[in-house]
Amino acid sequence: MKIHKTDINKVTDYIWEIPKSFRPAMRVPARVLASEPLLDDIMGDRSLVQLVNVASLPGIKGAALVMPDVHEGYGFPIGGVAATIFPDGAISPGGIGYDINCGVRLLTSNLKRDHIKDKTEALSKEMYAQIPSGMGKGGQIRLSEQEMDQVLLKGAEWAIEKGYGKKEDLAYMESNGRLQDADPSLVSAMAKKRGTDQLGTIGSGNHFVEVDYIEEVYDETIAKAYGLCKDQIVVMIHTGSRGLGHQIATDYTKQIITAMPRYGMQVPDRELACVPFNSIEGQNYFKAMCAAANYAWCNREIISWEARKAWANIFGAKVEPLKLMYDLAHNIAKIETHLVHGEKAQLIVHRKGATRAFGPGFKELPQDYKAVGQPVIIPGSMGTFSFVLAGTPISEELTFGSCCHGAGRRLSRTAAKKQVNAPVLQEKLKEKGIFVTAGSYKGIAEEAPIAYKDVNMVVQTISDSGIAKKVAKLRPVAVIKG
DNA sequence: ATGTTC
């Protein structure tokens, strides 16, 4: 299948639609949220074909959607949102991704840019020492079988009970850092084994811990509600459920590929394998997915504890500890209520490389954010900049309350490695005042800014389309990578 | 993304 520009209808400057009539298998239209240059960028790759395939998912409602940071993924495009009808619409592990509850959190400090100037290098070294990173890397904590089950059931609460976190953090996590449907008995022994020593570790790839300062505030009122101000130092953490989540995705993808024919579900690409949400296989996957999501929230809470230790070691025990602004998932499925053609419907919302972006008044928001909407954290590529946005009611109308999750890759890892000289890049960033500490040059090369879209363009599209408002722009000073 | 290949 090839998709040409002439197959795509322009709905607005930021919304492009491939109509349902394009392919007989499509059950809903396919929609791209992008400015024209960003759309042109993906015309040559498989993102749009994958999006059209998603539009044929059994039980899909509204439209198959991609955000402006879209790129190719396993079956589903990354940056994709697919809402299927509860309870018998499809659930597909490919629509969630291999790193279940990969997500981002932002911690705020009471220090300003001037306070840390002379200590940036020492801080980045201490962060690197405290936070294990890199492929397959384990941490300090070894979970017993009983403890593992508690982590999978309780998520971030487990870390807090054990003294690795702060009770006041819970209110500032999506779903309070815990999905109630988790069932540890549905997580394989292999997945649990892989997760035994990986709590408190960031892993590799695009995962990182970053120290930033706030370069610009766009919306003073919302920034104030989130506790953000110009020149303030903040810490961003991006990681997920590590080997445990990956193993769960592997286990259930296999199972679901085998089970799918029994339910008469057909999809154009084997990588979109799915079963009805309320089938036994669908329920088992969902409950295991929830367990992996809880592991990821626990992981990010423990990494925050490590970052807080590094903070105290560098700035002294009397410094105010880092405060959690918000933590949100961008690889997850959630049961949510949205309007479909003007009527309320319960949906299984798959977000793969897409975050939630609910507007003001949403009941799950912490009290101090209720009036301004949910924080959306958008990490840019290494050494560029990142954004904090706020969700709006428009996201609920256009995207099932969803937003983009980052800059979005434009070069494959292999292509990036060919083009980038990592030591040179590291030195260049240092000259710009950004200390990058990484376990491997491979990681630096794969994550070079050239491998990513222009985050400014991506965020501008989001802001122009109205699904989220710009609140603040963040510049990195130290990056810890795998 | 991941004890690189589901």
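To find a chain, count down the sequence lines: A is the first, B the second, and so on, and within it residues start at 1. Fair warning: this is a prediction, and the values are worked out from it, not measured in the lab.
In this structure, CG of A:Asn101 is placed 13 Å from P of B:dT2, rounded to the nearest angstrom. Atom OH of A:Tyr295 is separated from atom C1' of B:dT2 by 13 Å (rounded to the nearest Å). Across the protein-nucleic acid pair, A:Gln247 atom CD and B:dT2 atom P stand 13 Å apart, rounded to whole Å. Between the CG atom of A:Asp251 and the P atom of B:dT2 there is a distance of 16 Å, rounded to whole Å. Atom OH of A:Tyr74 and atom P of B:dT4 are 18 Å apart (whole Å). Regarding A:Glu447, its CD atom lies at a distance of 14 Å from the C1' atom of B:dT2, rounded to whole Å. The interatomic distance linking A:Lys254 (NZ) with B:dT2 (P) rounds to 18 Å, in whole Å. One atom, CZ of A:Arg242, and another, C1' of B:dT4, lie 14 Å apart when rounded to the nearest Å.
Across all strands, A:Thr253 comes closer than 4.0 Å to no nucleic acid atom at all (heavy-atom distances). Within 4.0 Å (heavy atoms only), A:Glu446 reaches no atom of the nucleic acid at all. Residue-level contact check: A:Gly97 touches neither bases nor backbone, having no heavy atom under 4.0 Å from any strand.
For A:Lys417, the side-chain contact (heavy atoms from CB on, under 4.5 Å) partners at least two apart in sequence or on another chain are A:Lys442, A:Ala445, A:Glu446.
The side chain of A:Ser204 contributes an N or O atom lying less than 4.0 Å from OP1 or OP2 of B:dT2.
Residue pairs meeting the side-chain hydrogen bond (donor to acceptor under 3.5 Å, both in side chains) criterion with at least one partner in residues 286-296 of chain A, sequence neighbours excluded, are absent.
Here the rule is side-chain contact (heavy atoms from CB on, under 4.5 Å) with A:Met67, and of A:Leu38, A:Val81, A:Val32, A:Thr461 only A:Val81 fits it.
With a 6.0 Å cutoff to the six-membered ring centre and a 45° limit on the axis angle, A:Lys323 counts as a cation-pi contact of A:Tyr172.
Of the residues near DNA chain B, A:Ile257 and A:Lys193, the one whose nearest nucleotide (by heavy atom distance) lies more toward the 5' end is A:Lys193.
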